[in-house]
Every structure is written in structure tokens, then in C-alpha cells.
*Asks:* 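What follows is a structure written as C-alpha cells; I'll ask about it next.
Along the sequence shown, the residues carry numbers beginning at 1.
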Amino acid sequence: GNGNFSSAQQTQLYRYIVDYLRVTKGLDNLLTTFAVNGGPGTYQYPGDDVVDIVGIDAYTDNLAGYKGVYDKLIAQAPTKVFALTEEGSGDPNGPDRSYDLNHLKTDIQSTLPRAVYTNFWSGWGPDLQANGKAAMSDPFWINKSQVGPIGGGGTTTPPPIVLPIT
């Protein structure tokens with residue numbers, strides 16, 4: 001575990017929150033994400049019964065150092081969706097304009113081949129990264145502007161909520 005909680009305590013808290021939302025609050029359309037923040041570290045996988053998506057939070061465009069964590073998560077949760085749940089240039093004070101989305105794409109394909117989505121951390125969007133505009137026109141990346149209205153026909157029914165609980 002990191003900070004003030006052991007791995008066992010983090011797992012207990014994760015399971016408690018999922019149980020509270022699913023059972024106590026009756027949320028039956030909830031998807032949960034178990035993400036390892038910052039790559040290597042100690043963690044306990046909470047279990048398939050409470051995890052829908054597994055992922056890694058990585059604030060670099062060089063993912064080679066995350067291969068071991070990826071392999072461990074895939075081995076622990078082979079039937080779960082995998083995502084690069086958070087990513088960005090790594091400096092909360094401002095974007096690193098050398099952060100290269102073309103390099104990130106290549107690394108996702110080679111290091112995290114089962115990744116189905118990535119989430120740019122707030123303030124570190126593709127428009128602020130090297131090759132951002134070109135990368136966003138690459139068919140590899142699907143953008144919000146490419147996704148039609150939810151449900152078609154103009155309905156405003158929201159999709160299930162994905163809570164990145166890390």
C-alpha cells in the first residue's frame with residue numbers, strides 16, 4: 001500500500017465502497033475500475049466480483065517500465081477490460097510539450113496491447129502535447145466528437161458511470 005493504508009486496508013476499503021454503491025444504494029448499472037497509480041508498487045487485487053475494469057495510471061509517454069504491472073494485472077484479471085486509466089505529461093504545474101502522443105500510441109500498442117481506452121488527466125489534453133493535433137486525426141484515437149448522441153435519436157440518457165477508484 002501507499003500512504004496511510006496497507007494493501008489489505010486498501011482492498012477492504014475498495015470492497016466496502018463497491019458494496020455500498022451496489023447493494024446499499026442499489027446501483028446496478030455501475031462499472032468499477034481498479035487502477036494501479038504510478039505503476040510498480042504494492043497492491044492487492046480486490047477480486048473479480050467487485051472489479052469491471054483494470055488499469056494503470058502513468059504520467060509518461062514511455063510505458064516500457066509498466067510492462068510488469070500490466071502483465072500482473074492481466075494475469076490477475078484475465079477476463080476484465082484493461083485501460084490506461086490516467087495519463088498525461090507528468091507535471092501538474094503545466095504540460096510538458098515534449099510529451100509525444102505518437103510515441104504514446106506506439107507504446108500502448110506494444111506494451112499495453114489490451115488497452116481499450118485511455119483518459120487524459122485534466123489539463124494535460126492532447127492539444128497541449130507534441131503531435132497532439134496529428135495524433136487526434138489518427139484512427140487509433142477515437143474522440144468525443146466522433147461518438148454520436150447516446151442512444152441515438154437525440155436521447156439524453158447518460159451512459160453508466162465509471163468511477164476510477166485507485
Side-chain angles (χ1 to χ4, degrees), residues 1-25 27-92 96 99-122 124-126 129 131 135-136 138-144 146-147 159-166:
N2 296 323
N4 299 318
F5 297 100
S6 69
S7 293
Q9 289 171 317
Q10 289 176 5
T11 298
Q12 183 180 9
L13 179 60
Y14 185 98
R15 294 185 67 81
Y16 173 83
I17 291 169
V18 172
D19 181 73
Y20 175 79
L21 293 171
R22 289 183 176 166
V23 178
T24 305
K25 292 298 183 180
L27 298 175
D28 61 0
N29 65 339
L30 181 68
L31 294 175
T32 60
T33 302
F34 175 74
V36 179
N37 190 15
T42 58
Y43 69 87
Q44 237 179 325
Y45 179 64
D48 284 349
D49 61 320
V50 291
V51 173
D52 299 301
I53 301 166
V54 294
I56 296 171
D57 301 346
Y59 302 99
T60 177
D61 59 356
N62 184 350
L63 301 173
Y66 296 87
K67 179 73 169 127
V69 176
Y70 169 81
D71 290 343
K72 183 177 177 182
L73 280 170
I74 294 301
Q76 290 173 314
T79 63
K80 300 300 177 178
V81 170
F82 180 86
L84 180 54
T85 46
E86 290 179 17
E87 56 96 356
S89 64
D91 183 358
D96 174 358
Y99 185 93
D100 189 333
L101 292 182
N102 287 331
H103 187 259
L104 179 66
K105 171 191 167 185
T106 301
D107 262 15
I108 290 172
Q109 292 172 317
S110 64
T111 306
L112 314 175
R114 281 194 36 201
V116 298
Y117 76 84
T118 185
N119 180 41
F120 292 99
W121 190 245
S122 177
W124 293 337
Q129 313 302 333
N131 298 311
M136 290 301 102
D138 183 319
F140 175 80
W141 305 101
I142 298 174
N143 301 290
K144 183 171 78 171
Q146 294 169 286
V147 179
I161 299 169
V162 178
L163 298 175
I165 302 173
T166 56

*Asks:* Is there a donor-acceptor pair under 3.5 Å between the side chain of T85 and the backbone N or O of A35?
*Replies:*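 No; judged by distance alone, with no hydrogens or angles, the pair does not exist.
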*Asks:* Can you tell me how far apart CZ (R22) and CG (D28) are? Round to the nearest 0.5 Å.
*Replies:* 10.0 Å
*Asks:* Does Q76 reach the side chain of L73, with side-chain heavy atoms less than 4.5 Å apart?
*Replies:* yes
*Asks:* Measure the spacing between OG1 of T60 and OH of Y66 and express it to the nearest 0.5 Å.
*Replies:*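 Taking OG1 in T60 and OH in Y66, the distance rounds to 6.0 Å.
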*Asks:* CG/L63 to OG1/T106 distance, rounded to the nearest 0.5 angstrom?
*Replies:* 10.5 Å
*Asks:* How about OH on Y16, more than 12 heavy atoms from neighbouring residues, nucleotides or ligands closer than 6.0 Å, or not?
*Replies:* no
*Asks:* Mark yes or no: K80 above the aromatic ring of F34, with NZ or CZ under 6.0 Å from the six-membered ring centre and no more than 45 degrees from the axis.
*Replies:*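 Not flagged: K80 not positioned over aromatic ring of F34.
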*Asks:* Please find the pair of heavy atoms, one from F120 and one from L101, that lie closest to each other, and give the distance.
*Replies:*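 Where F120 meets L101 most closely, the heavy atoms are CE2-CD2, 3.7 Å.
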*Asks:* Would you name the heavy atoms of V54 and A77 that are closest together and state the gap between them?
*Replies:*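 Heavy-atom minimum between the residues: CG1-CB, 3.8 Å.
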*Asks:* Name the orientation class of the two ring planes belonging to Y70 and F82 (parallel below 30°, tilted from 30 to 60°, perpendicular beyond 60°).
*Replies:*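 Because their plane-to-plane angle is over 60°, the rings of Y70 and F82 count as perpendicular.
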*Asks:* Quick check: closest heavy atoms across W141 and A135, and the distance to 0.1 Å?
*Replies:* CD1-O, 2.7 Å
*Asks:* Let me confirm one number: the OG1-CD1 distance from T79 to I74, rounded to the nearest 0.5 Å.
*Replies:*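 T79 atom OG1 to I74 atom CD1 measures 10.0 Å (nearest 0.5 Å).
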*Asks:* Out of V50, D49, D48, which one pairs with P46 under the side-chain contact (heavy atoms from CB on, under 4.5 Å) rule?
*Replies:* V50
*Asks:* If only atom types and distance count, is the side chain of D61 paired as donor or acceptor with the main-chain N or O of H103 below 3.5 Å?
*Replies:* no
*Asks:* Assess whether atom CD of Q9 is packed by more than 12 heavy atoms of other residues, nucleotides or ligands within 6.0 Å.
*Replies:* yes
*Asks:* Between CG of L104 and CG of L84, what distance do you get to the nearest 0.5 Å?
*Replies:* 6.5 Å
*Asks:* Using the side-chain contact (heavy atoms from CB on, under 4.5 Å) rule, pick out the option among L30, V18, T32, V81 that qualifies with D52.
*Replies:*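 It is T32, the one option of L30, V18, T32, V81 that forms the side-chain contact (heavy atoms from CB on, under 4.5 Å) with D52.
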*Asks:* Provide the closest heavy-atom pair for I53 versus A83 in the form atom of the first, atom of the second, distance.
*Replies:* CG2-CB, 4.2 Å
*Asks:* Apply side-chain hydrogen bond (donor to acceptor under 3.5 Å, both in side chains) to N102 and list each qualifying residue two or more places apart in sequence or on a separate chain.
*Replies:* none
*Asks:* Starting at OG1 of T33, measure out to OH of Y14 and round the result to the nearest 0.5 Å.
*Replies:* 6.5 Å
